[in-house]
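Remarks on the structure that follows.
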Amino acid sequence: MRRLRAALLAACSMTVLAACGSIVPGTAQPGEIDIRNLDAGNYPTLPLNAHDDDYRPHFYEMKDVAAMRVADYVASAYDIDPRMKYGSLTWSISSGAMPEELGRKSDMEPIAKRHKMIYGFKSNGSDAESGIFTTTEWPAKRQANSTTVSTMVMQFPDDARAKAAATEFAEAGLAATAGQNQPASLPKYAEAQGNWRPGSPFLRTTLARGPYVVAFLVSTPDPVLNSMVALAEKAYDTQFSLLQQLPTLSPEQLLQLPWDPDHLLSRTLNPDKFQKPSFDDSNALLSLRGVLQYAKDRDYAKQRFTAMRADKFALSSGSLVVHTAGPDTARKVVADRITPTVVSGDAEAPAGLPDSACVENKSGTAGAKRFTCIVAYREYVGFVSSNQLGDAQQRAAAQYSLFANSR
């Protein structure tokens, strides 16, 4: 009987194995392609942490990490009014590089240094694509009849320093335009200190809230003070509701901020092997509002990123990697050619590269290269661009290889 049971079990096992083998005929293949066969040109295919420890920013670089963090809570012009969807000139702020939108740098930088400003961030936007202002002694429009907002958020070590800095910023700005500008108050925010120039459609206003100084330079189509005041009040309403969601940082906590905890940036094509956090130089980690600060058309970009179901973004040397809801979503981004740029048509995809596509961007799109290639790998999607299709295809192959070789 034991021999009979053993024979029956063996027969059963062979039947199961034979049945499994008969479902899909042919030779077994590996689960992923051999990335050694991809044409990645001279681009790197290994992440920078492949053989080294994860990069840890130096203490003097942490202000840029903090700026990326606060970028996700800074009210852009688009947040304040969706009609102001065009963005431009978004930067981090330091005490040695103060924005002209706040006033003359020679006046503002000593104040920021004296009160030990830790970090800051500015975002500009307009309802006209070329309507962003220029700043000299007092700003002027590039396009008449446009509405613009420049938002500036700066953190100081404590409430007292922020309040003193806000007052001195406002006083210095008014003194620099003495005889031309006049004080302007905001009824809803009595503590705000503003000034404007009669006949000019611009209003500058500064206000401390906790350890933050929040400043706006707003403009309306016509030089009507009440209209500018209403816009500034709406801007403060929007900004303060966002800041309520952001815990403040002590200087000690700032130094302990995490950097690339999900290895999103290390997965991003970085031909120059640049590791220093830099919002200005596009080596950044952001959430949705933060990455929209970069967009030329924030409304279009928001629609596209929402369609991707993307929640985290890495920018590095012109490459973009997004973390999506899962592999199916990532593949759909490729299949549907969901790119942040406006495209004019399809282009040839890289040879031998699965879940990839290339598009030709619409000519005249500000800041866009001619071609963009998309590649999906698990829950990640990478976007690489170039003015030459062959180069974009090689970048896509390198980006896929980086995904496959990452932790």
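This one's a predicted model, so the numbers in the text were calculated from it and none came from an experiment.
Counting non-hydrogen atoms of neighbouring residues, nucleotides and ligands closer than 6.0 angstrom, the CG atom of N37 exceeds 12 such neighbours.
In this structure, the separation between CE on M62 and CD1 on I118 is 12.5 Å, given to the nearest 0.5 Å. Rounding to the nearest 0.5 angstrom, the gap separating the CG atom in N270 from the CG atom in L402 is 9.0 Å. F305 contributes atom CZ, which lies 10.5 Å from atom OH of Y300 (distance to the nearest 0.5 angstrom).
Contact of the F202 side chain with the W196 side chain is not registered, since no non-hydrogen atoms from C-beta on lie closer than 4.5 Å. When side chains are defined from C-beta on, S344 does not count as touching N361, because their heavy atoms never get closer than 4.5 Å.
Between the side chains of S316 and N283, at least one donor-acceptor pair of N or O atoms lies under 3.5 Å. A donor and an acceptor atom, one from each side chain of Y43 and D391, are located under 3.5 Å apart. N124 and E101 form a side-chain donor-acceptor contact under 3.5 Å, judged by distance and modelled atom types alone.
V218 and V149 make their closest contact through CG1-CG2, 4.1 Å (heavy atoms, listed as atom of the first residue, atom of the second, distance). The two residues A235 and I80 make their nearest non-hydrogen contact at CB-CD1, 3.7 Å.
Ring geometry, H58 versus Y60: the interplanar angle falls under 30°, so the pair is classed parallel (tilted spans 30 to 60°).
Within the 6.0 Å centre-distance limit, the rings of Y236 and F216 are counted as a close aromatic pair.
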